[in-house]
Amino acid sequence: DYAYVADWDWGLLVVDISNPESPFFLRQVDTPGRAAFVTVSGDLAFVADRENGLQIIDISVPASSEIVGAVDTPDWATGVAISGNHALVADGLAGLQVIDVSDPGNAAIVGAVDTPGWSVGVTISGDYAYLADQESGLQVIDGSDPASPSIQGTVDTPGDAYAGAVAGPRGEGGGGG
């Protein structure tokens, strides 16, 4: 059992939690930017690495985890969620970036949608992404066509939206930020 921690200047930290009363640091994977968020899917960890976009890390052998792919996004990657073969990245002033990660070593941006605010967090449920867009609230984005995501609705929150989660019939998805 392992925990994966986005640790800003230190990159991705791998922590052995097999004994919850005595967790220990196992490995550091230094990322080129500032690790702001991490999510895991299968044998891969996806790190939103601020000014250095998305870092893809092979965690199949946790003690030997290493970067196997990266995509430099247009702005600052601060959140990431996974849907099948796509990583959806909250990317600051560049909105939402959709990245094909089916071949981690050749990952590439395949779609994007600009948002009115500063995108900081994303979660997914079904074909929809829910994007925390700071001063512009919650953006509801249809991602059924990864090459052409589109904003379907907006909720202007009273403060700055930083993160979200989805529950109920649409709440089967994963993600974060």
Side-chain angles (χ1 to χ4, degrees), residues 1-112 115 117-124 129-134 143 146 160-165 173-177:
D1 296 342
Y2 300 94
Y4 299 91
V5 180
D7 197 23
W8 205 244
D9 287 331
W10 292 93
L12 180 72
L13 302 182
V14 181
V15 179
D16 186 315
I17 58 169
S18 56
N19 179 353
E21 295 176 6
S22 195
F24 63 93
F25 172 76
L26 184 65
R27 178 155 175 81
Q28 174 198 8
V29 180
D30 191 16
T31 59
R34 292 182 178 99
F37 188 85
V38 61
T39 193
V40 171
S41 181
D43 287 338
L44 297 172
F46 298 86
V47 176
D49 204 37
R50 295 276 294 196
E51 64 275 12
N52 287 94
L54 179 68
Q55 303 297 311
I56 305 169
I57 300 170
D58 181 345
I59 58 171
S60 59
V61 179
S64 302
S65 298
E66 64 181 351
I67 296 172
V68 293
V71 175
D72 189 12
T73 58
D75 202 34
W76 285 9
T78 56
V80 59
I82 305 301
S83 179
N85 288 324
H86 294 95
L88 281 70
V89 176
D91 198 41
L93 293 174
L96 181 73
Q97 303 296 310
V98 180
I99 300 173
D100 182 339
V101 295
S102 58
D103 178 0
N106 293 300
I109 296 171
V110 296
T115 58
W118 178 270
S119 299
V120 292
V122 60
T123 192
I124 300 169
Y130 300 86
L131 192 69
D133 207 32
Q134 214 167 43
D160 287 349
Y162 279 94

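The figures that follow rest on heavy atoms only: side chains count, while hydrogens, waters and symmetry mates do not.
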Looking only at heavy atoms, what is the nearest atom pair of [X] and [Y], with distance?
{"X": "Val122", "Y": "Ala90", "answer": "CG1-N, 4.1 Å"}
{"X": "Ala77", "Y": "Gly53", "answer": "CB-O, 3.5 Å"}
{"X": "Ile124", "Y": "Ser83", "answer": "CD1-CB, 3.6 Å"}
{"X": "Gly11", "Y": "Ala35", "answer": "O-CB, 3.5 Å"}
{"X": "Pro104", "Y": "Ser102", "answer": "CD-O, 3.7 Å"}
{"X": "Ala129", "Y": "Leu88", "answer": "CB-CD2, 3.7 Å"}

Next on the checklist: Please evaluate residues Leu54 and Val80 with respect to the criterion side-chain contact (heavy atoms from CB on, under 4.5 Å), reporting the C-alpha separation (whole Å), side-chain torsions for both, the decisive distance (0.1 Å), and the verdict.
Outcome noted: CA-CA 8 Å; Leu54 179 68; Val80 59; 3.9 Å; yes

Item to check | Contacts of Thr73 that satisfy side chain to side chain donor-acceptor pair (under 3.5 Å) - sequence neighbours left out | outcome: Asp91

Next on the checklist: Test of understanding: with side chain to side chain donor-acceptor pair (under 3.5 Å), list the residues that count as partners of Asp133, not counting sequence neighbours.
Outcome noted: Thr115, Ser119

Could you go through residues 40-48 and list every donor-acceptor pair under 3.5 Å that involves a side-chain atom there, pairing it with any protein atom two or more places apart or in another chain?
none

Checklist entry - Should Val5 and Leu12 be marked as a side-chain contact (heavy atoms from CB on, under 4.5 Å) after you check the CA-CA gap, both sets of side-chain angles, and the distance that decides it? => result CA-CA 6 Å; Val5 180; Leu12 180 72; 5.9 Å; no

Nearest-0.5 Å distance that lies between atom [atom1] in [X] and atom [atom2] in [Y]:
{"X": "Ile109", "Y": "His86", "atom1": "CD1", "atom2": "NE2", "value": "12.0 Å"}
{"X": "Gln55", "Y": "Asp30", "atom1": "CD", "atom2": "CG", "value": "10.0 Å"}
{"X": "Gln134", "Y": "Leu93", "atom1": "CD", "atom2": "CG", "value": "9.0 Å"}
{"X": "Asn52", "Y": "Asp72", "atom1": "CG", "atom2": "CG", "value": "6.0 Å"}

Next on the checklist: Could you tell me if the side chain of Tyr2 sits less than 4.5 Å from the side chain of Ile59, heavy atoms only?
Outcome noted: no

Next on the checklist: Let's go through Tyr4 and Val14 carefully: what are the C-alpha distance in whole Å and the side-chain angles of both, what is the deciding distance for side-chain contact (heavy atoms from CB on, under 4.5 Å) to 0.1 Å, and is it a yes or a no?
Outcome noted: CA-CA 5 Å; Tyr4 299 91; Val14 181; 3.9 Å; yes

Side-chain donor-acceptor pairs under 3.5 Å in residues 19-29, sequence neighbours left out?
{"unit_1": "Asn19", "atom_1": "OD1", "unit_2": "Glu21", "atom_2": "N", "d": "3.1"}
{"unit_1": "Arg27", "atom_1": "NE", "unit_2": "Ser65", "atom_2": "O", "d": "2.7"}
{"unit_1": "Arg27", "atom_1": "NH2", "unit_2": "Ser65", "atom_2": "O", "d": "3.1"}
{"unit_1": "Gln28", "atom_1": "NE2", "unit_2": "Trp10", "atom_2": "O", "d": "2.8"}

Next on the checklist: Show, in sequence, the C-alpha distance, side-chain angles and deciding distance for Ile57 and Thr31, and conclude whether the side-chain contact (heavy atoms from CB on, under 4.5 Å) test is met.
Outcome noted: CA-CA 10 Å; Ile57 300 170; Thr31 59; 4.3 Å; yes

Checklist entry - Does the pair Asp103 and Asn106 meet the rule for a side-chain hydrogen bond (donor to acceptor under 3.5 Å, both in side chains), with working shown? => result CA-CA 5 Å; Asp103 178 0; Asn106 293 300; 2.8 Å; yes

Next on the checklist: Checking Ala165 now: which residues fulfil side-chain contact (heavy atoms from CB on, under 4.5 Å) with it, not counting sequence neighbours?
Outcome noted: none

Checklist outcome for this item: By side-chain contact (heavy atoms from CB on, under 4.5 Å), Glu51 pairs with (sequence neighbours left out) Arg34, Trp76

Checklist entry - Within the side chain of Asp100, is there an N or O that forms a donor-acceptor pair under 3.5 Å with the backbone of Ala107? => result no

